[in-house]
Amino acid sequence: MFKRVLIANRGEIAIRIIRACREMGIETVSIYSVPDQHQLHVQMADQSICVGPAQAAYSYLNVASILSAAVLTNCDAIHPGYGFLSENPDFVRAVEACGITFIGPSADVIEQMGDKSAAKKCMESNGVPTVPGSDGPVATLEEAIKVCREIGFPVLIKASSGGGGRGMRRVDKEEEVRSAFDSARSEAKACFADDRVYIEKLILNPRHIEFQILADHLGNVVHLGERDCSIQRKNQKMLEESPSLFLDDDLREKMGTVAIRAAKACGYKNAGTVEFVVDKEKNFYFIEMNTRIQVEHPVTEMVTGIDLIKEQLRIASDLPLSVKQDDICMRGWAMECRINAEIPQKDFTPSSGEILFLHEPGGMNIRFDSLLYTGGEVSPFYDSMIGKIIVLGNNRLEAIRKLRCALEETIIEGVQTNSAFQYTILHDPDFIRGQFDTGFMEKKKDALLSLMVLEE
Amino acid sequence: MFKRVLIANRGEIAIRIIRACREMGIETVSIYSVPDQHQLHVQMADQSICVGPAQAAYSYLNVASILSAAVLTNCDAIHPGYGFLSENPDFVRAVEACGITFIGPSADVIEQMGDKSAAKKCMESNGVPTVPGSDGPVATLEEAIKVCREIGFPVLIKASSGGGGRGMRRVDKEEEVRSAFDSARSEAKACFADDRVYIEKLILNPRHIEFQILADHLGNVVHLGERDCSIQRKNQKMLEESPSLFLDDDLREKMGTVAIRAAKACGYKNAGTVEFVVDKEKNFYFIEMNTRIQVEHPVTEMVTGIDLIKEQLRIASDLPLSVKQDDICMRGWAMECRINAEIPQKDFTPSSGEILFLHEPGGMNIRFDSLLYTGGEVSPFYDSMIGKIIVLGNNRLEAIRKLRCALEETIIEGVQTNSAFQYTILHDPDFIRGQFDTGFMEKKKDALLSLMVLEE
Amino acid sequence: MDLKELESLIRLFDSLSLSELALKQGDFELNLKKEKQRTQDLGMIPAMVRESTNNTAEPSTDDNQTSGHIVKAPMVGVFYEAPSPKSPPFIKIGDQIAKGQVLCIIEAMKMINEVVSPVSGVVKEIFIANGELVEYDTPLIEIEVTGV
Amino acid sequence: MDLKELESLIRLFDSLSLSELALKQGDFELNLKKEKQRTQDLGMIPAMVRESTNNTAEPSTDDNQTSGHIVKAPMVGVFYEAPSPKSPPFIKIGDQIAKGQVLCIIEAMKMINEVVSPVSGVVKEIFIANGELVEYDTPLIEIEVTGV
């Protein structure tokens with residue numbers, strides 16, 4: 001096992017990783033930017049190194065400074081968390097060139113899974129169902145039109161190297177193909193320096209369901225069940241749960257088996273997530289593989305009792321998985337709600353400032369992973385996600401009630417948050433009945449916002 | 001199910017009960033004394049009633065005011081928590097006379113189990129092993145000497161209505177019987193207005209192991225495994241865990257069966273605890289039945305996943321148990337450490353004041369049940385226990401490490417606490433190896449205190 | 001303003017719930033400021049807001065700010081202004097009352113508890129309506145003291 | 001106001017929960033202020049105490065309190081005072097240096113990065129010992145500015 005791990009991240013995930021390391025007797029080194037000097041992840045680590053100024057490009061993304069810090073503090077591994085450098089294959093190669101272990105999959109796997117059309121091709125050739133579409137990048141308009149006719153409208157034209165909706169166009173009829181194809185290509189070029197695009201059938205308002213997998217260096221792969229992440233606003237997840245009401249045992253086993261096949265197909269090692277969309281007829285399609293630990297991983301930890309960060313550390317130090325597929329049993333229903341420092345009524349613009357007062361939620365099966373403390377600072381420079389409340393109930397309704405109570409108890413003064421908005425979601429009849437898909441937020445947002453006003 | 005429950009308590013247990021009620025959609029009414037106006041249990045309840053001045057005798061023990069509050073706010077049940085009125089049969093009868101449900105066993109059971117020699121007699125006649133001793137109260141010196149000769153020294157002479165070590169005398173040889181007998185009787189008379197005493201064999205430094213049971217009105221009784229509460233200072237528990245390293249599966253099943261028999265013997269209903277002492281040869285003896293929810297109940301909740309307060313509410317409203325014995329499975333190893341506002345270096349004298357800053361421990365499988373908040377008050381009028389940290393690990397060592405980390409993260413400013421002292425226990429080699437009994441603290445206290453000094 | 005006056009002014013400011021004081025008198029200028037103090041009531045969101053049963057008419061009980069004596073509830077119960085529904089009330093505003101005189105009753109657990117006046121004086125205000133629930137220490141009646 | 005009166009006033013201010021006091025009386029002016037109490041560093045118990053790698057000689061970087069210009073580390077790395085172990089150091093205390101002159105090097109990822117002076121002046125202090133790890137923004141050298 002490692003002796004000292006550098007955590008190339010900040011916020012709640014850095015704290016999460018520090019806790020796992022400490023419990024395993026591993027020393028920790030945090031990195032931070034100048035304004036982050038008093039952040040909790042700096043204070044909790046055994047040692048902390050300032051790696052640059054506020055702008056992430058020169059601090060949390062500053063490969064040279066981060067590697068210098070790791071080498072000079074004698075770290076034998078680096079945990080990247082999520083975001084920042086976590087899915088950057090060049091970083092992984094640089095880490096390994098320094099003789100340091102990267103806690104995650106290999107650079108090649110990250111690279112392959114990061115290239116959407118390469119990932120898709122790999123999955124298809126291994127019998128993992130993918131969204132119908134072009135066979136790799138589409139070079140000409142003629143080819144694009146031909147593909148669209150084959151798979152039927154609506155379709156999405158997507159950048160091969162894309163993400164976050166950029167370089168992406170929806171096309172509903174043939175007349176629109178030309179302009180969408182051209183503009184997607186030029187946006188892809190501008191954003192990712194790669195103008196290759198591919199075409200996919202648009203699955204309207206599907207469920208977003210992902211499977212957590214763990215894979216060790218011996219080729220053992222297990223899945224830890226699904227997470228339903230359909231409650232999203234502009235592709236940002238807001239509320240996640242496990243299991244999903246939408247899956248029965250048959251479908252769960254089928255998708256779990258496919259998720260394991262997907263991981264094996266690309267020679268995956270460490271913790272990862274296989275994302276699927278599921279349509280109304282319960283057809284499921286692979287969309288991408290997340291080659292990192294995810295924000296919503298505690299939902300899976302709650303139902304399985306398995307500490308995913310500790311498993312990551314075990315796997316990276318070439319220990320075999322601590323569990324077999326048959327050992328994994330789910331207990332209860334877990335739900336997570338992300339607390340963002342933002343103003344829902346003002347189109348969710350971020351809010352920052354000093355935390356004047358904090359009261360955390362508490363009680364049985366309530367977990368609050370957060371960077372907050374009374375007197376601490378919510379920085380305007382980074383992600384607005386400042387905490388996550390995760391609960392476990394015996395069933396879905398109990399989980400919803402627990403999450404409501406937890407939100408009621410939570411007091412954060414000094415910045416505005418989305419907690420009252422999340423509270424309204426937990427009272428929405430369609431949400432409670434489980435009748436939702438990725439179109440939920442768009443459809444409901446204004447009605448929920450108006451409820452918030454009434455509450456004040 | 002109840003519509004509105006009055007919680008006749010304060011502090012962390014009142015908060016614990018409020019949370020359970022809220023999650024079940026039950027309204028809550030708190031009571032408080034004048035200086036407790038800003039306590040968390042007052043702020044978290046739907047409604048709060050001031051029942052008297054600071055002195056508990058006129059507020060938290062003020063039956064007339066509490067019952068008036070319950071009746072006038074239309075409560076249909078009262079939860080007594082632990083301490084205060086929780087084991088007072090007269091209170092239970094008064095509650096029921098008002099047409100309100102008492103959440104706990106019947107007055108008769110509380111009364112019978114509160115009378116140590118009656119409890120013992122009941123257990124003996126039902127095949128529950130008890131500590132060898134006199135057959136009920138001993139009236140004369142001659143009888144006392146005879147009993148002592150039969151069971152062998154050392155013995156304890158104990159007040160029939162006693163508790164907390166008062167009216168109790170240890171006797172090591174025959175010459176001491178007379179003076180011990182006389183002084184125990186007069187102390188018993190002074191403290192409990194009842195000079196009856198009985199005699200018991202003294203089990204030297206046993207393990208203190210208790211079984212949690214649940215019993216419904218249909219006569220279903222289950223046990224939820226054991227808690228090892230051997231780490232005590234002056235009969236006050238400090239650290240509790242479940243399971244106990246001292247029990248193997250055979251002994252666990254045997255003791256669990258006996259615990260269920262004990263509960264059935266007295267016609268028990270609701271949640272209760274059967275306390276045993278276990279000697280070095282693994283002989284176990286019933287010592288008493290606690291007819292209330294206990295401070296350390298979250299340890300059992302952690303390993304079983306069963307919410308004991310919700311079960312109490314279900315049972316009291318005549319719903320059957322939600323679990324059968326076969327459904328109950330233990331997962332991992334739970335450990336609890338009590339945080340007291342006290343100064344270990346000054347013979348554990350209580351400390352009170354305003355909480356200037358609070359930072360709670362957090363992370364996976366960490367629970368912090370507490371009355372604290374930044375700006376809140378630790379009152380000098382009541383118990384010094386201000387919180388409990390409960391952790392769950394995959395095994396005992398992981399639990400110990402988690403608890404250490406949780407203590408390291410916890411910051412309480414404004415009052416002094418025993419947390420650094422608890423931290424030293426978690427590093428004691430005998431504790432880590434599980435080589436301890438109820439004599440642990442007496443033997444180790446000074447050495448542990450000296451470690452604390454080194455740490456500062 | 002001499003130092004003694006200044007000191008007493010500062011102490012006064014400190015004791016009250018003011019957060020700022022600015023004083024200018026000729027060439028004398030004084031500015032005092034207090035940090036925002038955390039109110040102890042947390043104010044949890046929606047359903048946590050405590051419903052207060054009888055805060056409708058809660059008077060200031062700060063003895064500095066009132067000349068009268070506040071009689072408070074000695075127990076939890078229901079406040080009655082008269083011995084029976086048909087009787088006239090024990091007292092009304094403006095009445096001259098003697099020390100030891102019955103002011104009202106509080107019914108708790110079907111027991112009638114008379115509340116008697118600890119002072120002699122004139123009834124200045126009655127804070128609670130007939131039949132309302134009162135908590136321990138709830139202010140009931142204010143009496144302008146004329147003798148003890 | 002004499003010194004004794006002043007002292008008692010200051011002590012009074014300190015003992016109360018005031019955060020600011022400003023007094024003006026004729027040509028006498030007094031301003032008192034208290035720092036907000038909570039330091040941001042939490043100070044967790046035993047093992048949480050952060051080991052600082054290079055705080056041994058951390059100077060005040062408050063520009064109000066020093067006349068010199070503080071040159072800070074532009075990256076994480078190892079501080080070297082000379083181009084090679086056998087060479088003399090680039091600078092020593094008291095040296096007159098020109099803007100653009102090399103002050104030291106920082107080795108990061110086996111790359112040598114020269115740190116040049118942004119000002120002309122005299123070397124007043126060198127805070128870091130040869131071969132020590134420096135973080136981003138670690139104060140390295142103080143220069144008494146004589147020209148920019």
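Every chain is numbered from 1 and lettered A, B, ... according to where its sequence line falls, protein lines coming before strand lines.
- Salt-bridge check for A:Glu241 with A:Arg227: failed, with every basic side-chain N at 4.0 Å or more from each acidic carboxylate O.
- In this structure, B:Ile425 and B:Leu239 have side chains that are in contact, with non-hydrogen atoms separated by less than 4.5 Å.
- Checked for salt-bridge contact, B:Arg16 and B:Asp307 meet the test: a charged N lies under 4.0 Å from a carboxylate O.
- Take A:Asp36 and apply the side-chain contact (heavy atoms from CB on, under 4.5 Å) test, not counting sequence neighbours, and it matches A:Arg10, A:Tyr32, A:Ser33, A:Gln39, A:His41, A:Tyr60, A:Ser379, A:Tyr382.
- Chosen from A:Arg367, A:Glu12, A:Met364, the residue pairing most often with chain B at heavy-atom distances under 4.5 Å is A:Met364.
- When side chains are defined from C-beta on, A:Glu311 does not count as touching A:Asn270, because their heavy atoms never get closer than 4.5 Å.
- Residues of residues 391-404 of chain A placed with any heavy atom under 4.5 Å of a heavy atom in chain B are listed by number as A:Asn394, A:Glu398, A:Arg401, A:Lys402.
- Distance CD/A:Gln43 to CD1/A:Ile15: 9.5 Å, rounded to 0.5 Å.
- From A:Met302, atom CE reaches atom CG of B:Asn365 across 7.5 Å, with rounding to the nearest 0.5 Å.
- Among the candidates B:Gly363, B:Ala20, B:Ser370, the residue making the largest number of heavy-atom pairs closer than 4.5 Å to chain A is B:Gly363.
- Of the atoms belonging to B:Ile306, it is backbone heavy atoms, and not side-chain ones, that fall under 4.5 Å from chain A.
- There is no side-chain donor-acceptor pair under 3.5 Å between B:Gln212 and B:Thr300.
- Scored by the side-chain hydrogen bond (donor to acceptor under 3.5 Å, both in side chains) test, A:Asn9 finds no partners at all (sequence neighbours excluded).
- There is no contact between B:Lys388 and chain A, counting heavy-atom distances below 4.5 Å.
- Scanning residues 322-338 of chain B against chain A with a 4.5 Å heavy-atom cutoff picks out B:Cys329, B:Arg331, ordered by number.
- Side chain of B:Ser48 to main chain of B:Val42: a donor-acceptor pair is present (N/O by atom type, distance under 3.5 Å, no hydrogens or angles).
- Between the side chains of B:Thr28 and B:Arg22, no donor-acceptor pair is found at a separation under 3.5 Å.
- Among the candidates B:Gly362, B:Ala406, B:Pro298, the residue making the largest number of heavy-atom pairs closer than 4.5 Å to chain A is B:Gly362.
- B:His79 and B:Gln312 are linked by a side-chain donor-acceptor pair at a separation below 3.5 angstrom, with hydrogens and angles left out of the test.
- If you measure heavy-atom distances from A:Asp369 to chain B, the contacts under 4.5 Å come from the side chain alone.
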